[in-house]
Structure formats: C-alpha cells, structure tokens
Amino acid sequence: MTDRPSVSFAKFAMPGKGTVIVLASEGGGLGKNAKVCDPEGVLARAFEVSGFSGKLAKSVEVLAPSGSQLDRLTAVGVGKPDELAEEALLKIGGAALAAGKSASEITVVADVDGAEIDAGAAAGIALGMLLRAYSFDKYKTTNRDNGNDKPAKKLKISVQCADPSAAKKAFARAEAVANGVVLARDLVNEPANVLGPVEFAAKAKELEKLGAKVEILTEKEMKKLGMGALLGVAQGSVRPPRLAIIEWNGGKAKEKPVAFVGKGVVFDTGGISIKPAGGMEDMKGDMGGAAAVVGVMHALAARKAKVNAVGLIGLVENMPDGNAQRPGDIVTSMSGQTIEVINTDAEGRLVLADVLWYCNDRYKPQFMVDLATLTGAVMVALGHHRAGLFSNDDTLAERLFSAGEATGEKVWRLPLGEEYDKQIDSKNADMKNSAGRMAGSITAAQFLKRFVKDGAWAHLDVAGTAMGAPLDEINRSWGSGFGVRLLDRLVADSYE
C-alpha cells in the first residue's frame, strides 16, 4: 500500500547526480552507455574486491564514486546476455529497486554488454521495479519501515534506453498488469474483519470504472439458482455470501468469452471440522484465487485487451456457528448432483462446484480456468514455487505451462483419471467432498471436473503460491498476486 513509484523513460546520457544503476553481464562486462557513468572505472575495482561476477540479480555498489557527482553507482548482474528472458528482466528490475535503497530518485541505464535491450525489455525491467516496490503497511501507525529501505518521499524512476517512446508505450501495458497484481496482493493481505464477502464484491464492482460490467448476485438470487453447495458453506456465518460476475467485452461481438473462476473464502475456520489454532490467521488468504481473478480482469480492462472475458468469484465465509453445516450433511448443487459433506474444511470445492456450473451454463466459454487455494496436499507435492495444474484439455494445459515459464508464475501438471474419480464416490449421495489424505489434490480436482461438462477446463491449485510463498526479487509481500501475470499472458499469447 506504499506510494507507487513514478516511472519515466529517457535517452542515454550521463546523469548529473543521484543514484545510478548499471547492468553488468556475467563476467563483469559493461555496455558502452554504462561505462559513461563510470568515467574512472571504479566499478572494475569494486567487482574485483567484492567477487562480483555479474550473476543474475546480484549487485555491488560504490558510494560517492570518484570522477562524478553521483551519490551511488551500483551494478546489477544480468547473468548470461543470451538468457535475458522475461522472468530474468523482472528479477533485474527487482534487484535494481532493492539496490537503490533509500534513494528518492533512481536512474537505470538499460544497456547490456552482449545483448540488445529493446523497448519491451526496458519496460520489463521497470515492471520488476514496480512489483518489488509494493508493501502492505496501511495498518501501521508508528513504524512503517518494512525493511525495503523506502525513501521518505515518492520514488522517481528513470529508465534510460535506446527508444524511450516505444518503451513508454510498452510500459503502459505492463503497468496495467502491475496494477492488477497490486490489487490482488492488497485483497489477499487485507484482514478478514475488513474484507468480507460484501466488501470483496464491492471491490470487484469498482472495475466498472475501467469499462467492465459487474453484476453481484445475493444469497436470495443464488438460492433461486439452486446453489446449495455454495450456500451450505456460507450458512454458518452471519456475513452473507456474494457471487461477483465481471465481464470485459473487448473482443468481437458474440465471440465466446474466456472465463476465470476464483475461490473466494474470505476466512476459513474449517467450519465444524475446525482447523488447529496455530496458523489459522493465515486463512484470511483463502480467497487468493478470487483475488487473482479480480486482478487479471483489472489488467485486461486496464490495457483494453482485445478479448471477451468473464471473471466469476464465489465469496463466502466458513464459520462454525449453530447454523453451520455438519459432516454428514447432503447438499444439492446447482447441477442437480448431490454431495455428501464428509469434511466441512473441504469447502472451497463446494463453492467452485456451483460457480463453475453457473459459468458454463450461462456463458458457454471457450475455456474455464479456476484458481483456488484448495489443498495443503499440493504444497506437499510442489512446495511454494509452482501451482498444481489439472486439466481435461491438453492444448489449454500446454498454453498455461508456457505462460508460466515465460512469466515466472510456474505451474506443473498433475494427473486426472478414473481411478482417482472413484475415490470420491459416496454410498449416500452422488459424491462426497473429501476422499481423505491420499492424492488429496487430485481427488479435489476430480471433484471439480464433475461440474465442468465437456468444455475445456483447467484447475490451478494455488495454495502454495498465492500467500506465504518465499520472498523473491519482485515480491516482498505475504500476498503474492500469483496468477494475474500468468493468465494475462495466456490471453495475450493465445486468445487476442
């Protein structure tokens, strides 16, 4: 929630003062424009003394370098010049922002020995800086220092590059995506007493300012639709559920939309199958999937994407009061299929079951991708560095994997199959909502598959990546905003 840095682009020139960041290839090579900023070659000595070799995102600085009026001259490593892909550029930008420390003005000289930094690459470096600059400190009233060495006033960033005009144009798109990531991070970081289902829906409604169409369904409307699975989760909370539907129509008229569906459990106690107290505070982030959907819809609308897209988020709170559903209850979903609730803490799939069915029934989209902090089992399998990917469509799965590799929001495909599907059969209803610990992420995905019919669908289990993931060069926040850049790239590469 910090002040967003301002970013501008300029032609190469020797900065007169302030903090300057130059880029060094692996081996310590500097481009000709970077060397202009170091007239007496002080960096060469610094490289030798510090052992700096230009490895990706590593840095070395010289304070008050001789031969100039600069306050600080810092070199950030870019690794091998022929490996400067999108993820590397973002990391370079994040490392550059960190290297700037408490400076109020930073100049980045986007010049690399052995590689051409085009307008898109310059914009990518700036995007990495924006993402790194984020912190959530709105509730701190005394010590607002989060360890980012934030400047006392709004940071100004100037990126020197070969084509400033083209870089500015490329950055406009990147900034729209960055704002979507920031929105998703803000939503995940907000405490549940501030962000309930009604308040979350109001945040989605704000996308109308960007030209999106937003519809909010209440408990009464969902009851008429027969959403017994979603409403069963919500019945234990005094806070009413909501279903937010966000439409962006930037494509051809009557062209089927792409669809994103998010699990929005604003707080998950586990219900009657209550969770242990230790770490339960993190369950304010159990709406990370819904946050990503709002974030990507923001990005698409803000950059005026040439696609028809719809985002749907089921918003509930899972609480254990006297009206909460019990283990053993049987609910009827919108699809008409009945579900025996074995474990009330397996609630996200109940919410998604009705939202997926509604999405498919109303929009008949080109594909559906749902995102959910669904299972702890996916973290056992993949840790915090990749989301679990399940899909009934090889093309969609491959496109998601490629988008993940490009953006650094990586996924890994896990299996679906009849043998797993049998594990969720119930002797009392059409299915049960939990098959126990074994293959927990897979059986959860098999459950969702029963509500998507035959259309192309993918499920992303983001339990390990949406919140509490290890801090890195472009994210210093508990809420990561994972999924926004991934899905924006999926759309940009394959559906616009």
Side-chain angles (χ1 to χ4, degrees), residues 1-24 31 33-34 36-38 57 59 61-63 68-78 84 86 88-112 117-135 137 146-182 185 302 472-477 481 485:
M1 303 293 283
T2 49
D3 288 336
R4 201 81 52 83
S6 65
V7 177
S8 61
F9 297 87
K11 293 182 178 180
F12 292 115
M14 173 62 184
K17 59 180 181 179
T19 293
V20 173
I21 310 290
V22 298
L23 308 181
N33 294 291
V36 169
C37 302
D38 184 19
S59 65
E61 70 174 2
V62 176
L63 298 177
S68 74
Q69 296 299 310
L70 301 180
D71 298 327
R72 181 184 286 113
L73 178 61
T74 300
V76 171
V78 303
L84 276 179
E86 179 178 340
L89 292 166
L90 293 174
K91 289 182 176 181
I92 292 165
L97 191 285
K101 297 185 177 177
S102 58
S104 58
E105 295 185 23
I106 297 175
T107 299
V108 179
V109 182
D111 178 36
V112 173
I117 301 294
D118 61 15
I125 292 171
L127 173 59
M129 297 182 79
L130 275 190
L131 295 176
R132 172 66 180 239
Y134 175 88
S135 67
D137 57 7
N146 72 340
N148 273 359
D149 294 313
K150 295 180 293 185
K153 55 185 179 180
K154 184 175 180 178
L155 174 62
K156 294 181 180 179
I157 297 170
S158 175
V159 180
Q160 293 186 359
C161 57
D163 191 343
S165 179
K168 181 179 179 181
K169 184 177 180 180
F171 181 69
R173 181 194 181 286
E175 188 173 27
V177 177
N179 289 340
V181 175
V182 167
R185 288 177 178 177
D472 58 26
E473 289 85 0
I474 61 172
N475 179 42
R476 314 303 290 176
S477 163
R485 294 186 298 108

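What you see is a predicted model; the values in this text were computed from it and never measured. The basis for the numbers below is simple: all heavy atoms, side chains too, and nothing from hydrogens, waters or symmetry mates.
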Taking only distance into account, with no hydrogens and no angle test, what donor-acceptor pairs under 3.5 Å do side-chain atoms of residues 159-170 form with protein atoms, sequence neighbours excluded?
from, atom 1, to, atom 2, distance (Å)
Gln160, OE1, Ala13, N, 3.2
Gln160, NE2, Ala13, O, 2.9
Asp163, OD1, Ala166, N, 3.2

Within the 4.5 Å heavy-atom criterion, are [X] and [Y] side-chain neighbours or not?
X: Leu155; Y: Met129; result: no
X: Val108; Y: Val76; result: no
X: Leu84; Y: Val112; result: yes

Can you name the residues that form a side-chain contact (heavy atoms from CB on, under 4.5 Å) with [X], not counting sequence neighbours?
X: Val36; answer: Met14
X: Glu61; answer: Leu63, Arg72, Thr74, Lys101
X: Val182; answer: Arg4, Tyr134, Asp186
X: Asp71; answer: none

Quick one: closest heavy-atom pair of [X] and [Y], and the distance?
X: Val7; Y: Ala126; result: CG1-CB, 3.9 Å
X: Leu90; Y: Gly124; result: CD2-O, 3.5 Å
X: Ile117; Y: Ala122; result: CG2-N, 3.8 Å
X: Gly94; Y: Arg132; result: O-CG, 3.5 Å
X: Ile21; Y: Ala99; result: CD1-CB, 4.1 Å
X: Phe171; Y: Leu127; result: CE1-N, 4.1 Å

Whether Asn33 side chain and Asp111 backbone form a donor-acceptor pair below 3.5 Å: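 Answer holds: no.
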For a side chain to side chain contact (heavy atoms under 4.5 Å, CB included) with Pro15, tell me which candidate from Ile106, Leu70, Leu73 qualifies.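 Result for side chain to side chain contact (heavy atoms under 4.5 Å, CB included) with Pro15: Leu70.
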Looking at Ile157, Ile92, Leu130, which hits side chain to side chain contact (heavy atoms under 4.5 Å, CB included) with Leu97?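 Answer to the side chain to side chain contact (heavy atoms under 4.5 Å, CB included) test with Leu97 among Ile157, Ile92, Leu130: Ile157.
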All side chain to side chain donor-acceptor pair (under 3.5 Å) counterparts of Glu86, not counting sequence neighbours: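 Per chain and number, Glu86 pairs via side chain to side chain donor-acceptor pair (under 3.5 Å) with Arg489.
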According to side chain to side chain donor-acceptor pair (under 3.5 Å), who are the partners of Ser68, at least two apart in sequence or on a separate chain?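 Scan of Ser68 (side chain to side chain donor-acceptor pair (under 3.5 Å), adjacent residues dropped) gives none.
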Got a second to check how far Glu105's CD is from Lys156's NZ, nearest 0.5 Å?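 Going from the CD atom of Glu105 to the NZ atom of Lys156 covers 5.5 Å.
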